[in-house]
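Note that the structure is a prediction, hence the values are computed from the model and not measured. Naming convention: chains lettered A, B, ... in sequence-line order (proteins, then strands); numbering from 1 in each chain.
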Amino acid sequence: MRATQLLAPTLRENPAEAEITSHQLLVRAGFIRKVAAGIYTYLPLAWQVIKKIIKIVREEMDRAGGQEILMPIIQPAEIWHESGRWEVYGPELFRLQDRHNRDFCLGPTHEEIITDLIRNEVNSYRQLPLCLYQIQNKYRDEKRPRFGLMRGREFIMKDLYSFDRDEAGLENSYQKMFQAYLRIFKRCGLQVFPVEAEAGAIGGKDTHEFMVLAETGEATIVFCSRQSCGYASNVEKAASPVQYSAQGRASYAGDSEELLPLKEVYTPNIRTVEEITAFLNVPAQRLIKSLLYETEKGIVAALIRGDRELNEVKLQKVLDVQRVELAGAETVERITKAGVGFTGPVNLEGVQLIADPEVMAVKNAVSGANKNDTHLVNVNAERDFKPGLIADLRLVKAGDPCPDCLFPLKEAKGIEVGQTFKLGEKYSRTLGANYLDENGRQKPLVMGCYGIGITRTMAAVVEQRHDENGIIWPVSIAPFHAVIIPVNQKDNRQVDIAESIYNLLQSTGIEVVLDDRPERAGVKFKDADLIGYPWRIVVGNKAVEKGKVELRNRATKEEGLFSPEEIVGALNLTPYT
RNA sequence: CGGGGCGUAGCUCAGUUUGGUAGAGCGCACGGUUCGGGACCGUGAGGUCGCACGUUCAAAUCGUGUCGCCCCGACCA
């Protein structure tokens, strides 16, 4: 490809709207342009990268036994009603109507379509196991699209669905996919690590997210500091190892303190945990934070130790509700008869009490009194209040003990590039996708689903592989392997040598750009670094006189002089470096 | 959906407070000088100032509405 013919509009300055590195660089280096919020055109360089990522994904899916299909973007509302997700998915579903006012949606995912296909076409255990996948545009009307390709409203995704006859089959399919995922991301030059996660709207039991560690990641993950343990989890999922025992407080902290009588104290306008710890001179661990949440099943009071944060996902799961929303000031006042900041579990009427096990362990705790400017001291669980439910509600954080081995956990930010789910029978039951076993008995198919965000993966690679000058593509997915830069476009000797190297490399199958633009060398160097070609070949005067050209590695910055004939041999096209 | 901010040339931004002829740098076109890390000189093209309505002799500037975009939060494969 000649640079004069390549549409790669680079920018000198960062676009004002781009916040994170991958967004800035992909726009600046001429890979993408925005069409609307969260919707982008992929220019030639980006599409080149995307096609390569897709090729890798396709090879690994095929190797793992997948068969590629292509399902429609536009999906009729009926099957979404059937699965119940027309309502559940909410405003995130792009909905539209045809000329007859029939409802459709743009597919955010394809469980419904595939299950519909399979229930009609697969009837026998002899046809199992079956793995089908597609690489397709997906549509999600995100509340807040952001960070360029990270969270788009239109994006490219690979989704594979596995169908097995039983749990053992699913486990086998799941493991194959898990391994395939590790290979895919490695081949894309990414360092990922799989973490345990929550299933979210898709549903299912076991699920892993594949995380690319990056400062700009939207997900927080925790992992065990002990290498051999290997525990890693999304914080939302991460369990806290503290369990409540029937023996109660005595088992905690070796604390032999006596239970003291309950007492009211005057705490004028003292509302927050910080204010109370300062005012009463007690540590935050001794406080019981009482948070009122509104759910579709009513209002609950969630109790958590003063030094902890509540994990709303855990709360939602434990209550088995769709919606948990921190109650507003009016609701708090209606329920507690006091202002925000004075809520406490003692004599709190009309709500369900749910407590974290740690709360049960605090002796002589401090809590709100449900009375303005008043707190209670020497509050003790069981004696002064009795929660209807005790459940792990804590948001785990760095330093907390690992649930598997009790070593301290570490925390990191990650970009989720893939997720695998064991769906089980969730969709096959609701949509009636069954098969007949050897005994002629009808059974629901056992499903798994496995996604990879293709366009997000491209952004994640930029996020993980860049420097102050631009992107550093691995050879495996670089838009081109190399760029040839004649330093002076008006020097015929340089141009001739550059042209001959260009022809030579092309004839050996190396993907190369000849930067034949009438620009000064500096401009070409800047663009080469910005775009991130793995190799750069500079044809300059001094080099020409010695019959040698420069070969430079984008990632390592190593340089060497080679004769044109030596270049092909010197180019190291090891994919992932 | 709550809070905040911004819409002026392809890009980055001034100008809006105090209404009166549309600006700069970069990019682009042409000519010249340059030529190994985003050169310089000259000439030039390019804008319904997001859109609509209103106030006014006069609106980029004031008012109302509306659309779009960005950030924080909530939410999310």
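- Between B/C72 and A/Arg144, a contact under 4.0 Å exists linking OP1 or OP2 to a side-chain N or O.
- A/Pro108 comes within 4.0 angstrom of nothing in the nucleic acid, heavy atoms only.
- Ring pair A/Phe480/A/Tyr533 is tilted by interplanar angle, where 30° to 60° counts as tilted.
- Other residues, nucleotides and ligands contribute over 12 non-hydrogen atoms within 6.0 Å of the CD atom of A/Gln175.
- The environment of A/Lys548 atom NZ is dense: over 12 non-hydrogen atoms of other residues, nucleotides or ligands sit within 6.0 angstrom.
- For B/G36, its base never sits under 3.5 Å from the side chain of A/Asn488 at any donor and acceptor pair.
- When heavy atoms are screened at a 4.0 angstrom cut-off, A/Gln489 is found touching no nucleic acid atom at all.
- Between A/Asp159 and A/Lys138 there is a salt bridge, with a side-chain nitrogen of the basic residue lying less than 4.0 Å from a carboxylate oxygen of the acidic one.
- You'll find a donor-acceptor pair under 3.5 Å spanning the side chain of A/Arg520 and the base of B/U34, going by distance alone.
- Listed pair A/Lys34 / B/C70 meets the phosphate criterion, a side-chain N or O lying under 4.0 Å from OP1 or OP2.
- Going from the C1' atom of B/U21 to that of B/G15 covers 14 Å, rounded to whole Å.
- Taking atom C1' on both nucleotides, B/C76 is separated from B/U66 by 29 Å, rounded to a whole Å.
- Here the side chain of A/Ala36 is nearest to one of B/C72, B/G37, B/C69, namely B/C69.
- In this structure, the nucleotide among B/C71, B/U12, B/C69 sitting nearest to the side chain of A/Glu13 is B/U12.
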